[in-house]
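Okay, so here's the structure we're looking at.
Reminder, nothing fancy here: chain letters follow the sequence lines and each chain counts from 1. As the structure is a computational prediction, the values presented were derived from the model and not from experiment.
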There are 2 protein chains.
Amino acid sequence: MATIYEVSRLAGVSLATVSRVVNNSDRVSARTREKVQAAMKELDYRPNSIAQSLATNRTNCVGVLVSELHGPVFGAMVSSIEKVLREAGKIAIFATGHNDRAKEEKGVEFLIDRSCDALILHIEALSDEFLQKCQASGAPLVFINRSIEGMEDHCIVLDNEHGGYLATKALLDLGHRQIAYIAGPLELGDARARLEGHKRALAEYGLAPDPALETVGDYHEAGGSRAMGELLDSGQAFTGVVCANDEMAAGAMSVIRSRGFSIPEDLSIVGFDNARWARYLYPRLTTVDYPVDQMGQMAGRWVLQNVYGLEGDPVQRAFRPELVVRESARAIGGDA
Amino acid sequence: MATIYEVSRLAGVSLATVSRVVNNSDRVSARTREKVQAAMKELDYRPNSIAQSLATNRTNCVGVLVSELHGPVFGAMVSSIEKVLREAGKIAIFATGHNDRAKEEKGVEFLIDRSCDALILHIEALSDEFLQKCQASGAPLVFINRSIEGMEDHCIVLDNEHGGYLATKALLDLGHRQIAYIAGPLELGDARARLEGHKRALAEYGLAPDPALETVGDYHEAGGSRAMGELLDSGQAFTGVVCANDEMAAGAMSVIRSRGFSIPEDLSIVGFDNARWARYLYPRLTTVDYPVDQMGQMAGRWVLQNVYGLEGDPVQRAFRPELVVRESARAIGGDA
DNA sequence: GTCGTTAGTGTAAGCGCTTTCATCCTGCAG
DNA sequence: CTGCAGGATGAAAGCGCTTACACTAACGAC
C-alpha cells in the first residue's frame, strides 16, 4: 500500500501538499493538484484511515448499542441507522446490550474504547446518572426510545403510552368491553408505557382495569403463548386481547387456534410494532406501527448534524405511533 | 483522556514499560507491574485503539458485506457474525451490497479503506477475478454462500441444490405430482441451484419439468404474490407449490387464500430458509432450513483462526439444509 | 524601485502507541 | 574479586497522516 510519502516523492511535492489535495481543502494550484492526482492514481494511493484518525482525532465511527442486532424492530433500526450514516461516509459499529445492565455497560465501554465520535443508544438498564456521566466525559450521546432527564434534545422518542392507548381503543371502538392484555416485561419502560395507555383507554370508556385480564409476557413468542394459555385457562371471559408486541401476538395466535378458537370470529387480537411479517399472519394482524426506520434515521441524522456539522433536514425527535387496521380484530357481534 | 505518557510519569517508569503491562506480554517485574496498574487505575487510563492500530498495523476490525442488514436471513447472519467476533474482542463493521455490482464493489472498497484485518463477504454480483485480485492485494477474504474457484477453503457454503431437492421431494413423497415452482431471481446463484434441485427431484420421480409450472419471483413477498397470481391465472392444474424462499411463500399464501383456496387442503406449499416467522404463519410453513446462524458463526471463526491465529473448534465449511416439516403441506388425498 | 500582500508550498512537530536495541543491574560461577 | 549471563528497563525510531508556521515568489500600489 502506497503511503503519502511515496506519492509526494513521485509528484515532486511535499507531504503537506499531498495531504492538502487529499482533503481537497486549502488552496493548491491547479497544476500541482493535477500532478499529485496523477501520482495518486499511478500508485493507487488510498489514505490510511487509521493514521488520519490519529492525526485528526476523528474516527468517523459512530457506535450503536441496541438490545439485539436482528428481529423485526432492531433489525430495521440498525439497518436504517447504518444507511443514513453510510451515505454520509460515516461508519457504524454495533454492540448489543440484551437489556442487561452489565452487558449494556460493557457495550458502551467497548464503543467508547473504539474512539467513536458519537454513540447512538437504545438501552434499558443503564441509569440516567451513568449516562449523564458518559456524556460528560466523552462522545456525544443520542438515545432512541428513552427520555433522559436534562438531555431531552438528545432523545428520539416514541409515544408508547399513546400506542398502547390506540391498540386498546381499537378494540373498544369495535364494541369490545372485556379486553385482555399481555404486557411486555415490566422492567422495560416501553412495556410499562404501553400498559398505561391500555389502562387510559379503558378508563376513557368507563372501564376499570381487571387484574385477572392482565398478564405479563417477555416480548417473545414463547411468552405470548404462555400468557395466552394462562388467560384461556383462567376461565375469565374476554372477547379481545391486545399484545404489547407482535411477536407475542404471533405466539398468542397459535395458542388461540390450537384451543379451537378462531380469529377474529371468537377472539380479536391486536399487536404492537408492525413487524414486517405482521401482514403475513393469518388473519393479517391489526397492530400499532412503530416507525422504527424513521427513528433510526433521525438518530443518524442527529449525529450527522450535531457532531459532524453537516447540513440536512431537521431532526424529528418525537414520534406518535399509528394504528394499522387489518383483519385480526373485528366488531363484536359483527357478521361472522 | 489519559495517555500512556501520563501513566508512565505517574508510575515513574518509561513508556515502553507501560506498553508492556498493557499488552501483558514480556517480562515485567511484579513490583513494576503493580505500580503501573495502580497508575492506570488512578488515571482511568484506556489505551487509544487508533494509536495501537497505527503502531501494530492491526485494527481488530473485520469487514462484513451482505446484501442487506436485516431480514430473516441476513439479520440472523449479521447477528451471529457480530457475536462470535465480539466474543473474541474483534469488531465487525458492515456494508451492504444489495446484490448490485457497483454497490458491492463500493462496499468492498469501503471496508478495505477502513483497514479491516479481514473481510467476510456475501456477494452475488462480483466476478471471481475481481475477488481473487482483492485477495491478492489485501486482507484475507471469506465467502458465505459462494464458492470461488481456487479459494474453496475460504468459502462457507450451503448446498442449495440439495435444499431445492428436499423441498420438492417433500411434496413428491406426499403424493403430489403436479408441482409448481416459484424461483428466486435467476441471476442469483442460490436461486439457480435451488431450481436445479427442484428439477432433480422431479426427474427422480420420472417427471419432466413443466415450463408452465415454473415462474420466477424476486425473493420478496410481492414477487411471490405476483407469481402465485400468474400460476393461478394460467389455469394450469397443480396441487402443490414450492417457493424458493419463505418471503415469497408468505406472499403466495395470501394470494392463494384470497382466491378462496385453503392450505393445505386445496394446495400444499413449501418454503425455503426457515425464517423465524415461518412458524407464525397459518398453517405453519413447511420449509427448508438454512442454517444461517451456524454459517455466520463459521465465517467468524474462520477469521479468528486464520487471521488472528486464535485456537478454536474446527470450521465447518459445507452445510446441508434440512427439511422442516410443519403443516403447510399434506399428503394428496389425505383426510381433508 | 521598494514594500506590503498574498497565494502556493515546504518544514517539522505532533497524534498515542509499539518495538528494537542498548543499557543497567543483580547474582552467581570461577 | 572479576567476569558474565540474563532479566528488567529505558531511549528512540517509527506507524502514516495533519497542520501550524515559515518561507518564497509574484504582483500591485506607491
**OP:** Check the side chains of B/Ser49 and A/Asp113 for a donor-acceptor pair under 3.5 angstrom, ignoring hydrogens and angles.
**Re:**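 A/Asp113 vs B/Ser49: no donor-acceptor pair found between side chains.
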Original post:
Is the closest side-chain donor-acceptor distance between A/Asp190 and A/Tyr219 under 3.5 Å?
Top reply: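 Side chains of A/Asp190 and A/Tyr219: pair found under 3.5 Å.
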Original post:
For B/Thr32, which contact category applies under a 4.0 Å heavy-atom criterion: base, sugar-phosphate, or nothing?
Top reply: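 Sugar-phosphate, backbone atoms only, no base.
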Original post:
At under 4.0 Å between heavy atoms, what does B/Asn23 touch on the DNA or RNA strands: base, sugar-phosphate, or nothing?
Top reply: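 Answer is sugar-phosphate: B/Asn23 comes under 4.0 Å of backbone atoms only.
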Rounding to a whole Å, what distance do you find between [X]:[atom1] and [N]:[atom2]?
{"X": "B/Lys35", "N": "D/dG10", "atom1": "NZ", "atom2": "C1'", "result": "13 Å"}
{"X": "B/Leu54", "N": "D/dG16", "atom1": "CG", "atom2": "C1'", "result": "6 Å"}
{"X": "A/Ile50", "N": "C/dC15", "atom1": "CD1", "atom2": "C1'", "result": "13 Å"}
{"X": "A/Asn48", "N": "D/dT18", "atom1": "CG", "atom2": "C1'", "result": "13 Å"}
{"X": "A/Arg33", "N": "C/dG8", "atom1": "CZ", "atom2": "C1'", "result": "12 Å"}
{"X": "B/Arg31", "N": "D/dA8", "atom1": "CZ", "atom2": "C1'", "result": "12 Å"}

Original post:
Contacts to DNA chain D from residues 5-21 of chain B, heavy-atom cutoff under 4.0 Å, which residues?
Top reply: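 Under 4.0 Å from DNA chain D: B/Gly12, B/Val13, B/Ser14, B/Ala16, B/Thr17, B/Arg20.
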Original post:
Ion pair present between B/Lys106 and B/Asp100, side-chain N to carboxylate O less than 4.0 angstrom?
Top reply: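 So B/Lys106 does not pair with B/Asp100 through a salt bridge.
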Original post:
Does the side chain of B/Gln52 get closer than 4.0 angstrom to OP1 or OP2 of C/dT18 through an N or O atom?
Top reply: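 Checking C/dT18 against B/Gln52, a side-chain N or O does come within under 4.0 Å of OP1 or OP2.
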Original post:
What is the bend of the helix from C/dG1-D/dC30 to C/dG30-D/dC1 when you compare the axis at one end with the axis at the other, using five pairs each and rounding to 10°?
Top reply: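 Taking the rotation axis at each end, their angle is 60°.
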